[in-house]
Protein chains: 2
Amino acid sequence: MSSQPASMRDVADRAGVSLSTVSRVLRGAPGVAPEVRHRVQRAADELSYVVSRNASGLVTGRTGRVAVVVPFLQPWYFGVALAGISDALREADLDMLVYQVGETRARQGWTRSLPLRRNTDAVVTVSMDLSEEECRRLDDVGVPMVLVGQCVPRRASVYIDDRAGAAGATRHLLNLGHTRVAYIGSRTEEWFSTSSRHRLEGYGAAMADAGLSPWSVVRSPGHEGGGLAMGELLSDHDPPTAVLAEFDSIALGAYRTLRRSGVRVPDSVSLMGFDNHEAASVLDLTTVDQAPYDTGLAAGRLTVDILTGTARDDVQLEMPTQLILRQSTAAPRGTRGLSW
Amino acid sequence: MSSQPASMRDVADRAGVSLSTVSRVLRGAPGVAPEVRHRVQRAADELSYVVSRNASGLVTGRTGRVAVVVPFLQPWYFGVALAGISDALREADLDMLVYQVGETRARQGWTRSLPLRRNTDAVVTVSMDLSEEECRRLDDVGVPMVLVGQCVPRRASVYIDDRAGAAGATRHLLNLGHTRVAYIGSRTEEWFSTSSRHRLEGYGAAMADAGLSPWSVVRSPGHEGGGLAMGELLSDHDPPTAVLAEFDSIALGAYRTLRRSGVRVPDSVSLMGFDNHEAASVLDLTTVDQAPYDTGLAAGRLTVDILTGTARDDVQLEMPTQLILRQSTAAPRGTRGLSW
DNA sequence: CACTCCCATGAAAACGTTGCCATAACCCGG
DNA sequence: CCGGGTTATGGCAACGTTTTCATGGGAGTG
């Protein structure tokens with residue numbers, strides 16, 4: 001209806017008070033008579049007026065916005081993590097700006113292309129796997145930073161212990177009696193994430209502890225890679241009886257190869273993933289849950305706490321992982337009766 | 001390093017020019033000598049200065065931000081759609097604010113709680129299934145609005161023809177020779193989405209065209225519902241030979257029930273989904289692709305075009321759906337040899 | 001009843017940028 | 001050599017808030 005959106009001036013006029021009073025009411029500041037407070041509130045409602053964060057931010061120096069930087073938005077993990085962050089920020093009445101940097105990341109100086117300085121109160125990076133230098137460059141924008149899915153010393157981080165998670169998963173397979181336990185990992189030409197590295201290490205450590213030598217195949221991420229890797233494993237002269245995949249997507253690809261090859265799960269091969277992807281439950285895939293929603297929620301709350309001064313900006317928050325036992329793992333053939 | 005972020009003033013001083021000139025350079029406005037332009041550019045870089053959208057928005061009236069409103073962030077679909085929107089907005093140098101309204105939606109007047117007015121240049125709603133009244137209330141904020149996943153007359157909309165998609169899927173099953181084709185739909189206690197309704201209608205229409213009476217089971221959304229619905233169908237005295245699920249998640253749940261019941265897909269029952277979920281390819285599930293990334297991209301671009309005045313604000317954009325044939329559908333038992 | 005203190009309210013100066021207008025310098029043709 | 005037009009640059013007022021400070025009136029105290 002109104003061609004021009006209402007301003008605080010309009011609310012003030014309608015309520016018959018001054019600008020200052022309107023500002024006080026709308027900010028919930030003290031020192032306003034209840035009667036006036038109601039009158040102003042009503043006037044604002046009638047004009048369906050909301051304050052311009054632009055203008056208020058200009059004077060307070062706070063924007064009321066938090067930037068969340070993710071490499072990609074498509075993979076399941078990020079949507080769930082964002083949901084957690086979003087819920088936490090909403091509690092504190094902060095808006096969420098999302099930047100998908102994707103390929104941009106490779107570009108030198110990508111951090112500068114983000115309009116963060118003076119435009120956000122804080123930055124949350126999710127699975128960005130920042131180098132020390134990138135961290136420093138982000139420091140330069142002068143807003144607090146929270147790292148999700150990555151643990152950097154002396155910097156606010158929320159993460160899981162990938163090493164321990166993978167080691168636990170491996171031990172689960174070993175405990176079932178498997179000795180030929182293979183691992184399918186991922187890496188692309190240009191990127192080998194810290195998380196990938198840690199999971200591989202965790203697997204290796206657990207194998208070493210059991211006196212077994214590790215057996216890992218690394219392919220491109222996603223189900224294609226998983227499928228191919230599984231194919232390679234199956235073509236070995238003495239194939240594994242158990243396979244741990246770096247994450248569920250890979251496990252799903254491996255599962256497809258197994259199904260197509262007529263290899264039964266878990267009868268002939270036990271298969272395990274990592275992440276607890278939605279589809280994992282459908283396929284009854286044993287996996288490691290890392291609760292990305294909780295991680296996001298914790299990261300969001302930590303951000304809020306840092307902004308309010310309640311938390312230090314070097315808090316390290318390790319989120320628990322949990323083994324989710326389903327039907328895709330079992331004792332190897334010969335010993336079946338013993339375990340089940 | 002610098003305790004205070006640099007302002008345009010600082011850049012001007014360092015470059016030895018006036019504020020106005022810096023502003024012109026940084027906006028790419030004409031009328032600045034090349035030499036000066038370079039000098040300013042360099043000064044800005046050295047201070048790693050970026051303009052405050054807050055301040056510039058205050059005077060231009062444009063915020064450089066677009067709000068994207070989604071009911072939830074967790075489901076696969078939204079991440080993918082957001083990715084498309086994000087890419088389109090980035091091309092136009094617009095930032096993306098994401099609001100997850102979730103349960104808030106039920107609340108009367110939820111539209112007012114979003115700080116849109118004066119805080120964003122446009123609003124994109126994704127699968128919000130807005131009522132006429134909600135649309136009008138969003139109109140009130142006075143920024144252009146683009147609806148994704150919903151077609152409202154005389155309003156910018158980007159959507160797929162759910163009816164046609166479901167009808168096509170049904171015909172695929174009918175063409176294979178099935179006559180006992182059941183449908184699994186979803187609805188919650190408080191919500192029966194337009195999309196759900198349309199898909200059900202499409203199925204019904206295709207069945208009617210073939211002279212068959214529809215047979216649908218409606219449960220809660222997600223795999224749990226799908227699993228339960230499939231269970232009910234299997235317990236019929238004459239179970240279906242083909243099942244179409246409203247979306248892949250439901251199909252996956254149904255698939256699990258089938259697998260657990262020892263019913264082979266597609267040998268005994270053909271199963272079809274809708275959406276082309278990532279997991280659908282792993283399970284070789286025949287489905288209908290609706291390319292949410294492309295939808296998001298188109299919606300983002302439409303938003304940009306509306307903002308630049310290139311497109312009218314009542315453009316209707318119907319995105320194509322595509323049948324993805326995989327291994328989960330086949331001719332019914334008796335006729336198998338004929339079709340394959 | 002007078003004086004103090006406090007509380008509610010209003011006025012005005014910022015915040016960092018853009019848009020408009022003025023000005024100075026320059027180039028060209030007559 | 002002069003006048004008119006063009007071009008580069010600077011100055012200044014806005015934009016819509018918050019914040020600080022000033023003011024007035026009412027309650028409480030002696």
Side-chain angles (χ1 to χ4, degrees), chain A residues 2-41 43-44 47 49-65 93 115-121 141-142, chain B residues 2-41 43-44 47 49-65 93 115-121 141-142:
Chain A
S2 53
S3 53
Q4 283 294 57
S7 82
M8 203 173 250
R9 176 78 267 156
D10 304 321
V11 179
D13 289 348
R14 174 177 269 256
V17 295
S18 78
L19 261 163
S20 327
T21 304
V22 177
S23 175
R24 271 187 282 261
V25 171
L26 267 41
R27 258 176 313 130
V32 179
E35 194 271 331
V36 177
R37 191 175 288 272
H38 280 108
R39 197 147 38 104
V40 171
Q41 202 62 262
L47 296 171
Y49 166 84
V50 290
V51 308
S52 156
R53 294 210 158 159
N54 261 7
S56 69
L58 198 53
V59 38
T60 58
R62 317 199 106 203
T63 62
R65 282 181 285 262
D93 228 353
L116 300 178
R117 165 167 250 145
R118 277 189 201 279
N119 289 303
T120 52
D121 293 344
V141 313
Chain B
S2 52
S3 52
Q4 282 295 60
S7 83
M8 203 173 251
R9 177 77 267 155
D10 303 322
V11 180
D13 289 348
R14 173 177 269 254
V17 295
S18 79
L19 231 73
S20 321
T21 304
V22 176
S23 175
R24 270 188 283 262
V25 171
L26 267 42
R27 256 176 314 130
V32 179
E35 194 270 331
V36 177
R37 193 176 286 274
H38 279 109
R39 196 148 39 105
V40 171
Q41 201 63 262
L47 296 171
Y49 166 83
V50 289
V51 309
S52 156
R53 295 212 157 157
N54 260 8
S56 69
L58 198 53
V59 39
T60 59
R62 317 200 105 202
T63 61
R65 282 180 286 261
D93 228 352
L116 300 179
R117 166 167 249 143
R118 275 188 203 280
N119 289 303
T120 52
D121 293 344
V141 314

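Here is how names work: the chains are called A, B, and so on, in the same order as the sequence lines, proteins then strands, and each is numbered from 1. Just so it is clear, the model here is predicted, and its values are computed rather than measured.
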Return the set of residues passing side-chain contact (heavy atoms from CB on, under 4.5 Å) with [X] (not counting sequence neighbours), or none when no residue passes.
| X | result |
| --- | --- |
| S18(B) | S20(B), T21(B) |
| L47(A) | A6(A), D10(A), V11(A), R14(A), Y49(A) |
| R9(B) | S7(B), A12(B), D13(B), L19(B) |

Ignoring hydrogens, what is the shortest heavy-atom contact between [X] and [Y]? Give both atom names and the distance.
| X | Y | result |
| --- | --- | --- |
| V17(B) | V40(B) | CG2-CG2, 3.8 Å |
| R117(B) | P5(A) | NE-CB, 3.5 Å |
| M8(A) | S23(A) | CE-CA, 3.6 Å |

- Query: In whole Å, what is the span from the CG atom of L19(A) to the P atom of dG16(D)?
  - Reply: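 Rounding to the nearest Å, CG of L19(A) and P of dG16(D) are 11 Å apart.
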- Task: Please list, in 5' to 3' order, the outermost nucleotides of DNA chain C lying under 4.0 Å from any heavy atom of chain A.
- Result: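 Using the under 4.0 Å cut-off, the span is dA8(C) to dG16(C).
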- Side-chain N or O of S52(A) less than 4.0 angstrom from OP1 or OP2 on dG16(D)?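 Negative; the distance criterion is not met.
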List the residues meeting side chain to side chain donor-acceptor pair (under 3.5 Å) with [X], not counting sequence neighbours, and say none if there are none.
| X | value |
| --- | --- |
| R118(B) | none |
| D121(B) | T63(B) |
| T120(A) | none |

- Item | Within residues 53-64 of chain A: residues closer than 4.0 Å to DNA chain C (heavy atoms) |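 By residue number: L58(A), V59(A).
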- Query: Quick one, which residues of residues 20-27 of chain A touch DNA chain C with a heavy atom under 4.0 Å?
  - Reply: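 The stretch gives S20(A), T21(A), R24(A) as the residues lying under 4.0 Å from the strand, ordered by number.
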- Message: Based on the rotation axes of five pairs at each end, what angle does the helix from dC1(C)-dG30(D) to dG30(C)-dC1(D) bend through, to 10°?
- Response: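 Computed angle between terminal axes is 40°.
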- Restricting to pairs with a member in residues 20-35 of chain B, which pass salt bridge (charged side-chain N to carboxylate O under 4.0 Å, His left out), not counting sequence neighbours?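 For residues 20-35 of chain B: E35(B)-R39(B).
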- Task: Any chance you could measure R62(A), atom CZ, to N54(B), atom CG, to the nearest 0.5 Å?
- Result: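 Between R62(A) CZ and N54(B) CG, I get 13.0 Å after rounding to 0.5 Å.
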- Message: So, taking the atom named CG in L58(B) and the one named OG in S56(A), what distance separates them when rounded to the nearest 0.5 Å?
- Response: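 Result: 10.0 Å between the selected atoms.
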- Item | Test item: R65(B) and N119(B) side chains (from C-beta on) under 4.5 Å apart, heavy atoms |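 No, every pair of side-chain atoms sits at 4.5 Å or beyond.
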- Query: Near DNA chain D, which residues from residues 31-38 of chain B have a heavy atom under 4.0 Å away?
  - Reply: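 G31(B), V32(B), A33(B), V36(B) - these, ordered by number, are the residues of the stretch whose heavy atoms sit under 4.0 Å from the strand.
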